[in-house]
Novice: 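Supplied in structure tokens, the structure appears directly below.
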Amino acid sequence: MNANLSEKPFNRILLTGAAGGLGKVLRERIKAWANIVRLSDISNMGEAGEGEEIVQCDLADKSAVLAMMEGVDAVLHFGGISTEADFESIMHANIQGTYNIYEAVHRCGVKRVIFASSNHTLGYYRTTDYVDADMPTRPDGMYGISKCFGESLSRYYYDRFGIETVCIRIGSSFPVPTTRRMLTTYFSYDDLVEMLRCSLFAPRVGHTISFGVSDNPGKWWDNKKAAHLGYKAKDSSSVFAHLFPDTVEYPPADDVTTIYQGGGFLLTTPQYK
Ligand code: NAI
Ligand code: 15L
């Protein structure tokens with residue numbers, strides 16, 4: 001981080017997945033933290049604005065990722081496949097891609113990474129369970145498994161090389177909840193940005209697993225193991241409760257997508273459809 005207070009705290013932050021839903025939100029919101037935001041995606045990101053650099057590349061391209069990491073002080077790794085898909089595609093973008101990020105981080109001396117993990121590392125816990133970060137992962141498909149890989153990989157790079165990572169197991173970060181399940185998993189954009197701020201600026205994070213969730217009624221996840229980040233949710237899905245009245249069941253209580261936290265992801269792994 002920059003010691004000179006006239007400058008922004010970081011010189012250069014790399015954001016992967018910059019063309020995606022969250023990337024577009026973060027592109028604007030993280031500018032306050034760095035003199036330069038380097039934006040990366042496999043898809044088109046438009047023109048670079050002031051204080052922006054654009055690097056269009058495939059995360060699975062190791063030499064391109066290494067070149068992209070040059071001069072970077074911190075990484076927000078949001079790129080990759082964000083839903084269930086066939087294993088080969090997941091392996092390419094999420095497993096090879098995340099490995100390439102960490103190898104480049106190590107070689108370039110980057111000190112801290114924020115990894116966009118997912119609640120689908122836990123999808124086979126029941127919706128009656130209350131889960132904390134020390135409990136075993138129970139992924140609900142290849143996508144969730146790839147996020148478990150990213151969490152283990154980052155643990156290794158911390159234990160072996162001291163590279164700090166906060167893995168944020170994001171619930172559902174969208175403008176509004178679009179299913180009843182999302183009343184429990186909702187993570188407002190403001191709360192996401194606040195968790196990122198806490199993750200970047202906490203003096204020591206080591207290897208932290210944090211649950212990316214707003215202050216929703218009936219939450220499934222206990223964030224006490226990430227208390228050192230100092231994150232406090234400001235939003236709650238309660239303001240959207242009227243969208244999903246109790247009088248309607250969607251889907252019924254005995255449906256697997258209601259029984260397990262992963263919801264609809266449980267039924268989407270292509271080879272088991
Ligand atoms: P998104 O699918 O809108 O964005 C992901 C971006 O990654 C896309 O722009 C895509 O082009 C890029 N990408 C995919 N494969 C790539 C590759 N091989 N090389 C380079 N870029 C590649 O997803 P969203 O919603 O913005 O999520 C961002 C991250 O947060 C993802 O890693 C996702 O798994 C994670 N996350 C998001 C949640 C949410 O509620 N939005 C919930 C849990 C996790
Ligand atoms: C995720 O991991 C996905 O990236 C996102 O698109 C949502 O489906 C979210 O989980 C969710 O569980 O709602």
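Numbering of ligands and ligand atoms starts at 1, following listing order. These numbers come from the heavy atoms of this one structure, side chains and all, not from hydrogens, waters or symmetry mates.
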Novice: Give a yes or no on whether the backbone of D222 and the side-chain of D132 come within a donor-acceptor separation of less than 3.5 Å.
Specialist: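 Here the side-chain-to-backbone pair does not exist.
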Novice: I need the nearest protein heavy-atom contact for atom 12 (O) of ligand 2: residue, atom name and distance, please.
Specialist: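 That would be H120 NE2, 2.7 Å.
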Novice: Can a donor-acceptor pair be found, under 3.5 Å and without considering hydrogens, that links the side chain of R38 to the backbone of V55?
Specialist: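 Between the backbone of V55 and the side chain of R38 there is no qualifying donor-acceptor contact (under 3.5 Å).
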Novice: Checking a contact table here: which protein heavy atom is nearest atom 19 (N) of ligand 1, and how many Å away?
Specialist: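 Its nearest protein heavy-atom neighbour is L59 N, 2.9 Å.
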Novice: Provide, to 0.1 Å, the distance between atom 9 (C) of ligand 2 and the closest protein heavy atom, together with that atom's residue and name.
Specialist: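 Checking every protein heavy atom, the shortest distance to atom 9 (C) of ligand 2 gives G171 O, 3.3 Å.
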Novice: With distance as the sole test, does N94 use its side chain to make a donor-acceptor pair with the main-chain N or O of G80 at under 3.5 Å?
Specialist: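 Flag not set: sc N94 to bb G80 has no pair under 3.5 Å.
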Novice: Identify, for atom 2 (O) of ligand 1, the protein heavy atom at the shortest distance, and state residue, atom and that distance.
Specialist: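 Among all protein heavy atoms, the one nearest atom 2 (O) of ligand 1 is S82 OG, 2.7 Å.
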Novice: Within a distance under 4.0 Å of any heavy atom of G79, pick out the atoms of ligand 1 and give their elements.
Specialist: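 Checking each atom against G79, I get 7 (O).
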Novice: Classify the ring geometry of Y231 against F187: parallel below 30°, tilted from 30° to 60°, perpendicular beyond 60°.
Specialist: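 The rings of Y231 and F187 stand perpendicular, inter-plane angle above 60°.
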Novice: Please could you name the atoms of ligand 1 that S118 approaches to less than 4.0 Å, counting only its heavy atoms?
Specialist: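 Checking each atom against S118, I get 43 (C), 44 (C).
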Novice: Establish, for the pair R180 and F244, whether the NZ or CZ atom is under 6.0 angstrom from the six-membered ring centre and no further than 45 degrees off its axis.
Specialist: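 The answer is no; the distance or angle limit is not met.
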Novice: Report, in ascending order of atom number, the atoms of ligand 1 lying under 4.0 Å from any heavy atom of A116.
Specialist: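 Taking each heavy atom of A116 in turn, ligand 1 has 29 (C), 30 (O), 32 (O), 35 (C) under 4.0 Å.
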Novice: Report the nearest protein non-hydrogen atom to atom 4 (O) of ligand 2: residue, atom name, distance rounded to 0.1 Å.
Specialist: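 For this ligand atom, the closest protein heavy atom is S82 O, 2.5 Å.
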Novice: Under 6.0 Å from the CD atom of Q271, do we count more than 12 heavy atoms belonging to anything else shown?
Specialist: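 Atom CD in Q271 is crowded, with more than 12 foreign heavy atoms closer than 6.0 Å.
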Novice: Would you mind checking which non-hydrogen protein atom is closest to atom 7 (C) of ligand 2, with the distance to 0.1 Å?
Specialist: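 Answer for atom 7 (C) of ligand 2: F174 CE1, 3.8 Å.
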Novice: Quick one: does D191's side chain have a donor or acceptor within less than 3.5 Å of a partner on S214's backbone?
Specialist: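 Not confirmed, D191 side chain does not pair with S214 backbone.
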Novice: So with a 6.0 Å cut-off around CD of E53, is the heavy-atom count from everything else above 12?
Specialist: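 Enclosed: over 12 neighbouring heavy atoms sit under 6.0 Å from CD of E53.
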Novice: Would you say the side-chain atoms of Y102 and T165 include a donor-acceptor pair closer than 3.5 Å?
Specialist: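 There is such a pair (donor and acceptor under 3.5 Å, judged by atom type) between the side chains of Y102 and T165.
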Novice: To which protein heavy atom is atom 42 (C) of ligand 1 closest, and what is the distance rounded to 0.1 Å?
Specialist: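 Answer, as residue, atom name and distance: G171 O, 3.2 Å.
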Novice: With a 4.0 Å heavy-atom cut-off (strictly under), which part of Y143 contacts ligand 1: side chain, backbone, both or neither?
Specialist: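 Under 4.0 Å from ligand 1, Y143 contributes side-chain atoms alone.
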Novice: If you measure every N or O of I170 against every N or O of ligand 1, does any of those distances drop under 3.5 Å?
Specialist: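 No; the residue has no nitrogen or oxygen that sits under 3.5 Å from a nitrogen or oxygen of the ligand.
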Novice: May I ask you to list the atoms of ligand 1 that are less than 4.0 angstrom from any heavy atom of S117?
Specialist: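 Near S117, the atoms of ligand 1 are 43 (C), 44 (C).
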Novice: Within ligand 2, which atoms have a heavy atom of F265 less than 4.0 Å away?
Specialist: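 Selected atoms, number and element: 8 (O).
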Novice: Under 3.5 Å, side chain of E84 to main-chain N/O of M142, donor-acceptor pair present?
Specialist: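 Checked: pair present.
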Novice: Nearest protein heavy atom to atom 4 (O) of ligand 1, by residue and atom, and its distance?
Specialist: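 Protein heavy atom with the smallest distance to atom 4 (O) of ligand 1: G20 CA, 3.3 Å.
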Novice: Which atoms from ligand 2 have a heavy atom of R181 less than 4.0 Å away?
Specialist: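 Matching atoms, with element in brackets: 11 (C), 12 (O), 13 (O).
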Novice: Provide, to 0.1 Å, the distance between atom 22 (C) of ligand 1 and the closest protein heavy atom, together with that atom's residue and name.
Specialist: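 Nearest neighbour among protein heavy atoms for atom 22 (C) of ligand 1, to 0.1 Å: I42 CG2, 3.7 Å.
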Novice: Among all protein non-hydrogen atoms, which one is nearest to atom 25 (O) of ligand 1, and what is the separation to 0.1 Å?
Specialist: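 Going by distance alone, atom 25 (O) of ligand 1 is nearest to L22 CG, 4.0 Å.
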Novice: Does S173, backbone or side chain, put an N or O under 3.5 Å from an N or O of ligand 1?
Specialist: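 It does: an N or O of S173 is found under 3.5 Å from an N or O of ligand 1.
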Novice: Do the side chain of T127 and the main chain of I259 share a donor and acceptor less than 3.5 angstrom apart?
Specialist: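 Yes: the side chain of T127 pairs with the backbone of I259.
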Novice: Would T258 and D255 count as having a side-chain donor-acceptor pair, cut-off 3.5 Å?
Specialist: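 No donor-acceptor contact under 3.5 Å links the two side chains.
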Novice: Only heavy atoms of A93, strictly under 4.0 Å: list the atoms of ligand 1 that pass.
Specialist: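 Near A93, the atoms of ligand 1 are 15 (N), 18 (N).
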Novice: How about F10 and F201: are their ring centroids closer than 6.0 Å?
Specialist: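 Close enough - the centres of the two rings lie under 6.0 Å apart.
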Novice: Would D58 and H92 count as having a side-chain donor-acceptor pair, cut-off 3.5 Å?
Specialist: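 Result is yes, a qualifying pair exists.
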Novice: Considering heavy atoms of the protein only, find what lies nearest to atom 3 (O) of ligand 1 and give residue, atom and distance to 0.1 Å.
Specialist: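 Looking only at protein heavy atoms, the one closest to atom 3 (O) of ligand 1 is G21 N, 2.9 Å.
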Novice: Of all the heavy atoms in S173, does at least one lie under 4.0 Å from an atom in ligand 2?
Specialist: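 No heavy atom of S173 comes that close to ligand 2.
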Novice: Record the part of K147 in heavy-atom contact with ligand 1 below 4.0 Å; permitted values are side chain, backbone, both and neither.
Specialist: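 The side chain, only.
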Novice: Once you restrict to heavy atoms under 4.0 Å, what part of A60 touches ligand 1? Side chain, backbone, both or neither.
Specialist: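 It is neither; nothing of A60 touches ligand 1.
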Novice: Among Y143, F78, Y186, which one puts a heavy atom closest to atom 1 (C) of ligand 2?
Specialist: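 Closest candidate by heavy-atom distance is Y143.
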Novice: Report yes if some N/O of G80 lies less than 3.5 Å from some N/O of ligand 1; otherwise report no.
Specialist: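 Between G80 and ligand 1 (N or O atoms, distance only) the closest approach is under 3.5 Å.
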Novice: At less than 4.0 angstrom from any non-hydrogen atom of S118, what atoms of ligand 2 do you find?
Specialist: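 Selected atoms, number and element: 1 (C), 2 (O).
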Novice: If you compare all heavy atoms of P203 against all heavy atoms of E164, which two are closest, and at what distance to 0.1 Å?
Specialist: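 Closest approach of P203 to E164, heavy atoms only: O-OE1, 4.4 Å.
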Novice: N/O of S172 under 3.5 Å from N/O of ligand 1, yes or no?
Specialist: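 S172 vs ligand 1: no N/O contact under 3.5 Å.
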Novice: Is the backbone N or O of M182 less than 3.5 Å from a side-chain atom of T179, with the two atoms forming a donor-acceptor pair by type?
Specialist: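 Yes; at least one donor-acceptor contact below 3.5 Å.
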Novice: Using distance alone, determine whether S172 and ligand 2 share an N or O pair under 3.5 Å.
Specialist: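 It does: an N or O of S172 is found under 3.5 Å from an N or O of ligand 2.
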Novice: Fit a plane to each ring of Y124 and Y260, take the angle between them on a 0 to 90° scale, and name the class: parallel (under 30°), tilted (30 to 60°) or perpendicular (over 60°).
Specialist: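 Because their plane-to-plane angle is over 60°, the rings of Y124 and Y260 count as perpendicular.
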Novice: Report, in ascending order of atom number, the atoms of ligand 1 lying under 4.0 Å from any heavy atom of D58.
Specialist: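 Contacts of ligand 1 toward D58, numbered from 1: 17 (C), 18 (N), 19 (N).
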Novice: Just need the protein heavy atom nearest to atom 12 (C) of ligand 1, so name the residue and atom and give the distance.
Specialist: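 Here the closest protein heavy atom is D41 OD1, 3.3 Å.
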Novice: Given that the side chain starts at C-beta and the backbone is N, CA, C, O, which of these parts of C57 lies under 4.0 Å from ligand 1, counting heavy atoms, or is it both or neither?
Specialist: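 Just the backbone.
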Novice: Over 60° means perpendicular and under 30° means parallel, so tell me whether F115 and H77 are parallel, tilted or perpendicular.
Specialist: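 Judged by the thresholds at 30° and 60°, the geometry between F115 and H77 is parallel.
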Novice: Report yes or no: does T208 contribute a side-chain atom to a donor-acceptor pair with the main-chain N or O of V166 at less than 3.5 Å?
Specialist: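 A pair under 3.5 Å: no.
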Novice: Would you say F78 and ligand 1 have an N/O pair spaced under 3.5 Å apart?
Specialist: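 Looking only at distances, the answer is yes, because the N/O contact criterion of under 3.5 Å is met.
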Novice: Any idea which part of N119 is under 4.0 Å from ligand 2, heavy-atom wise: side chain, backbone, both or neither?
Specialist: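 Near ligand 2, N119 shows its side chain, while the N, CA, C and O stay back.
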